[in-house]
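Have a look at the structure below, then the notes.
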Amino acid sequence: QVQLVESGGGLAQAGGSLRLSCEASGRTLSRYFMGWFRQAPGKEREFAAAISRIGRSTYYADSVKGRFTISRDNAKNTLYLQMNSLKPEDTAVYYCAATPLGVPTTPAGYGYWGQGTQVTVSS
């Protein structure tokens, strides 16, 4: 199994930037297709971005496309999410997730999750 721990969340102003990290342990990160999801209060968990095992392919929700960049460093067993031009509606708990199978963009497609990191964007 792989264990995932997110970090890098915090408070940002609208228009600002944050960089989230997700460190994996237990198994080599390169075994897994990785994703970032987010969940705002009272809302369902939603897809934000995903990346293939060696980073050749990336996928984004329309709401973050052009502002967020997902990347990975398999040598460091770490996944990243660079978030620029932040908006108040980006406020949520952000989760990283891993799956050894497929190319999922829904939460049900992932079997391994981190504990989440809070991102709050003020207007």
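We count residues from 1, following the sequence as given.
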Exercise. Near E23 CD, under 6.0 Å, is it more than 12 heavy atoms from other residues, nucleotides or ligands?
Worked result: no

For this session: State, to 0.1 Å, how close S85 and D90 come at their nearest heavy-atom pair, and which atoms those are.
Result: O-OD2, 4.5 Å

Exercise. Taking the side chain as C-beta and beyond, is there a heavy-atom pair between K87 and R67 under 4.5 Å?
Worked result: yes

Exercise. Is there a side-chain contact between Q115 and V5 (heavy atoms, below 4.5 Å)?
Worked result: yes

For this session: Please examine the side chains of L79 and I70, heavy atoms only from C-beta on, and report whether any two atoms are closer than 4.5 Å.
Result: yes

Exercise. Which heavy atom in S30 sits nearest to a heavy atom in N74, and how many Å separate them?
Worked result: CB-ND2, 3.5 Å

For this session: Can you establish whether the number of heavy atoms outside E89 located under 6.0 Å from its atom CD is more than 12?
Result: yes

Problem set entry | Exercise: identify the closest heavy-atom pair between V119 and G9 | CG2-CA, 4.1 Å

Exercise. For the residue pair Y95 and W113, does the interplanar ring angle fall in the parallel (under 30°), tilted (30 to 60°) or perpendicular (over 60°) class?
Worked result: perpendicular

For this session: Treating Ile, Leu, Val, Met, Phe, Trp and Tyr as nodes and any side-chain heavy-atom pair under 4.5 angstrom as an edge, say whether F37 and I51 lie in one connected cluster.
Result: no

Problem set entry | Rounded distance (nearest 0.5 Å) linking atom CZ of R38 with atom CE of M83 | 9.0 Å

Exercise. When rounded to the nearest 0.5 angstrom, what is the spacing between SG in C22 and CG in L29?
Worked result: 7.5 Å

Problem set entry | Geometric class of the Y59/F33 ring pair [parallel <30°, tilted 30-60°, perpendicular >60°] | tilted

Exercise. If only atom types and distance count, is the side chain of R53 paired as donor or acceptor with the main-chain N or O of M34 below 3.5 Å?
Worked result: no

Seminar exercise, completed: Shortest non-hydrogen pair, P104 vs Y110, comes out as O-OH, 2.8 Å

Exercise. Looking only at atom types and distance, does a side-chain atom of S63 sit under 3.5 Å from a main-chain N or O of A61, one as donor and one as acceptor?
Worked result: no

For this session: Hey, can you tell me if Y112 and Y32 have their rings parallel, tilted or perpendicular (30° and 60° cut-offs)?
Result: perpendicular

Exercise. Would you say the side-chain atoms of N84 and S17 include a donor-acceptor pair closer than 3.5 Å?
Worked result: yes

For this session: Kindly give the heavy-atom pair with the smallest separation between Y94 and A92, and that separation in Å.
Result: CD1-O, 3.4 Å

Seminar exercise, completed: Taking every heavy atom of P88 against every heavy atom of S123, the minimum-distance pair comes out as CG-CB, 3.8 Å

For this session: Look at the side-chain heavy atoms of Ile, Leu, Val, Met, Phe, Trp and Tyr, link any pair under 4.5 Å apart, and say whether L20 and V2 land in one connected group.
Result: yes

Problem set entry | Joint hydrophobic cluster, V64 plus W36, side-chain heavy atoms closer than 4.5 Å | yes

Problem set entry | Within-4.5 Å side-chain heavy-atom neighbours: Y80 and R19 | yes

Problem set entry | Close side-chain approach of P100 to R31, heavy-atom, < 4.5 Å | no

Problem set entry | Atom pair OG1/CZ of T106 and F47 - distance to nearest 0.5 Å | 9.5 Å

Exercise. Is the closest basic N to carboxylate O distance between D62 and K65 below 4.0 Å?
Worked result: yes

Problem set entry | Whether E6 side chain and C96 backbone form a donor-acceptor pair below 3.5 Å | yes

